[in-house]
Amino acid sequence: MPDTAENPGQIKSTIRTGQEYIDSLRGRNLKIFLFGERVDEPVDHPMIRPSINAVAATYDLAVSNPELATAMSPYTGERINRFLHIAQSRDDVVNQNKMQRRLGQLTGTCFQRCVGMDAFNSLHSVTFEIDEAHGTPYHQRFLDFVTLAQSGGCVIGGAMTDVKGDRSKPPHAQADPDLYVHVTRRTEEGVYISGAKAHQTGCINSHWLIVMPTIRLGEQDRDYAIVGAIPVDAEGITYIYGRQSCDTRSMEGGDLDAGNAQYGGQEAMVIFKDVFIPNERIFMDGEYDFAAMLVERFTCYHRRSYVCKSGVGDVLIGAAAAIADYNGVEKASHIRDKLVEMTHQNETIYSTGIASSYQSTKMKSGVYKCDDMIANVCKHHVTKMPYELARLAQDLAGGLMVTAPSQQDFEHEEIGPLLQKFLKGREGASTEDRLRILRLIENMTLGRNAVGYLTESMHGAGSPQAQRVQIARQSQLEYKKKLAKKLAGVGAADTESPTAQEEYMARVFNVESGD
Ligand SMILES: Cc1cc2nc3c(=O)[nH]c(=O)nc-3n(C[C@H](O)[C@H](O)[C@H](O)COP(=O)(O)OP(=O)(O)OC[C@H]3O[C@@H](n4cnc5c(N)ncnc54)[C@H](O)[C@@H]3O)c2cc1C
Ligand code: SF4
């Protein structure tokens, strides 16, 4: 990326295409470790490149389908990539989900840009409300940064999850203060931070990172209440690349055994050692009482962003149907029923995510925010349903999915023809095609893209219990008890309690247009 020492993180011209994006990542001299060694140029690393290709797809979709993947920015006055857009209407929030499903279909993996998109949209309202309460200048600073990122067409990584040490203790009570990212020093010009963020999706493929607190904070955690934008190539940052199951297959040459040779996800640990954030890039510093609001609003957007998994699920359903066809059993009733079950579960994920977006409301700052209750229901489904889809896909695949020989064996002069003969499915289906589909199912349910499709579905945007807590908070049992008691004739129940109508049900029964 064309950085300068005076102006780190600046992009000289707007990145529009996938190729321009890939070029923007070259020559940044990031301190990245993988297999105990420094990576000179991640763009050319065969294990890292599929994750870069997945982000590049978000640019190419904006070129090929601008209605779906771009929006008009009120800040730049130009069409920008939707991943950088601040939602101006209910439709904007809905269209985020449509774009995410489409990208899941096109890549079969995590395309990494939603964390930044959701951080942008949540910070819009949170910075506004901090300023309102404390008279701080965060909202305008944030808008200036949004404008800069939109003008450059940047990728923004959302760095929320700290390494957290002893989960039962708050940040200030940890044995080591660095287990949560915190301010170590303040100067007239800005702050210095230290600590580490774990599991950072697409961080090395980003241009900027936004660091945010990961949990509710108390007064003693004041130094942990820090939100700021940092260029990915800032001094003091070390990236340690995360391994994914079967990741080295992409370093073996050939494209069959990788299953999905073109696309993959990326996670890394990001270690900050006295990294400087100038004042103009600080969007919260010390307002610990707003940390919980930020976490809740971010996860609200992000939990319904997991409709991305319905796009990936479309690919898995297609793979399951294709292998049943190659095996000659596509018309068997139990196969058809299993494909229906997969589709039913996949559409359930999509339905809840898109419903949350359709039930968006306008915040005080003007941004639209999706419905919290249904976003949590969506993400909670996502912690379960992809596992069931994976189970059914493996059922339809048969055992060869995990016992098939390597591409080199298929290409071998002596044993290749034997494998072609003995691993054939129905007449008319090629052995190689059958193998390719099996490897794709392996990739998505056991291999590198199972990271995104399964375990990220479990823990990304918060582990299952985090959603249950949010669902419980909004379940309005007292209000519902009154409904039941009234119909049952128990006492003189009041069904229209004002508190009930102020909360979840008020949104359900709101018939106003969101635009
Ligand atoms: C593939 C992937 C990509 C991700 N991408 C990002 C990203 O881009 N940015 C980002 O910021 N984060 C990201 N995350 C992080 C994600 O949000 C966390 O994994 C999630 O919040 C869980 O945290 P953890 O992994 O530390 O698990 P833990 O917190 O260790 O949780 C493990 C278990 O312990 C339970 N538990 C934890 N704390 C408590 C407690 N105090 N009391 C009782 N039970 C507890 C949990 O419910 C869970 O069952 C990603 C995660 C994954 C797996
Ligand atoms: S898991 Fe889905 S929502 Fe999260 S960044 Fe990846 S593609 Fe986007």
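As the structure lists them, so they are numbered: ligands from 1, and atoms in each ligand from 1. Keep in mind that this is a model prediction, so the values were computed, not measured. All values below were derived from every heavy atom in this structure, side-chain atoms included, with hydrogens, water molecules and symmetry-related copies excluded. Throughout, residue positions are numbered sequentially from 1 according to the sequence presented.
Contacts classified as side chain to side chain donor-acceptor pair (under 3.5 Å) and involving residues 44-63 (residues at least two apart or in different chains) are given here: R26-D44, R49-N53, S51-N205, S51-Q266, T58-R113.
Taking every non-hydrogen atom of A461 and a distance limit under 4.0 Å, the qualifying atoms of ligand 1 come out as 17 (O). Listed by number with element, the atoms of ligand 1 under 4.0 Å from a non-hydrogen atom of G158 are 7 (C), 8 (O), 9 (N), 10 (C), 11 (O). Those atoms of ligand 1 with a heavy atom of K164 less than 4.0 angstrom away are 23 (O), 24 (P), 26 (O), 29 (O). Near T201, meaning under 4.0 Å from one of its heavy atoms, ligand 1 places the atoms 3 (C), 4 (C), 5 (N), 6 (C), 7 (C), 8 (O). Of all the atoms in ligand 1, the ones that sit under 4.0 Å from a non-hydrogen atom of E267 are 1 (C), 3 (C). Counting atoms of ligand 1 from 1 in the listed order, those under 4.0 Å from a heavy atom of V115 are 8 (O).
Checking atom 1 (C) of ligand 1 against the protein gives a heavy-atom contact under 4.0 Å. Atom 29 (O) of ligand 1 lies below 4.0 Å from at least one non-hydrogen atom of the protein. Distance check for atom 43 (C) of ligand 1: every protein heavy atom is found at 4.0 Å or beyond. At a distance under 4.0 Å, no protein heavy atom can be found next to atom 34 (O) of ligand 1.
Q105 and R102 form a side-chain donor-acceptor contact under 3.5 Å, judged by distance and modelled atom types alone. Inspection of the R304 and Q100 side chains reveals no N or O donor paired with an N or O acceptor under 3.5 Å. Residues N443 and N449 have side chains that bring a donor and an acceptor to within less than 3.5 angstrom of each other. Looking only at atom types and distance, the side chain of S89 has no donor-acceptor partner in the side chain of D91 under 3.5 Å away. For the residue pair T201 and E267, no side-chain donor N or O sits within less than 3.5 Å of a side-chain acceptor on the partner.
Between H182 and H172, a ring centre-to-centre spacing not shorter than 6.0 Å is recorded. The ring of F283 has its center no closer than 6.0 angstrom to the ring center of Y138.
Between Q359 and Y504, the shortest heavy-atom contact is NE2-CE1, 4.1 Å.
A cation-pi geometry, defined here as NZ or CZ lying under 6.0 Å from the six-membered ring centre and within 45° of its normal, holds between R185 and Y192. A cation-pi geometry, defined here as NZ or CZ lying under 6.0 Å from the six-membered ring centre and within 45° of its normal, does not hold between K362 and Y368.
Given atom 39 (C) of ligand 1, the protein heavy atom at minimum distance is R167 CB, 4.0 Å. Scanning the protein for heavy atoms near atom 18 (C) of ligand 1, the closest one is H459 O, 3.6 Å. Nearest non-hydrogen protein atom to atom 22 (C) of ligand 1 is S463 OG, 3.3 Å. With hydrogens left out, the protein atom closest to atom 15 (C) of ligand 1 is T161 OG1, 3.1 Å, a heavy atom. From the protein, the heavy atom lying nearest to atom 21 (O) of ligand 1 is G462 CA, 3.7 Å. Of the protein's non-hydrogen atoms, the one nearest atom 4 (Fe) of ligand 2 is H302 CE1, 3.6 Å.
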Output a table of donor-acceptor pairs, distance under 3.5 Å, between side-chain atoms of residues 157-164 and any protein atom two or more places apart or on a different chain; print 'none' if there are none.
from	atom 1	to	atom 2	distance (Å)
D162	OD1	V181	N	2.7
D162	OD1	K197	NZ	3.2
D162	OD2	K197	NZ	3.1

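Ring geometry, H302 versus Y306: the interplanar angle exceeds 60°, so the pair is classed perpendicular (tilted spans 30 to 60°).
Excluding waters, the protein N/O/S atoms found under 2.8 Å from atom 6 (Fe) of ligand 2 are C110 SG.
Y263 meets the ring-ring contact (aromatic ring centres under 6.0 Å, His included) test with no other residue; sequence neighbours excluded.
The residue among K197, R468, H199, M160 with a heavy atom at the shortest distance from atom 25 (O) of ligand 1 is H199.
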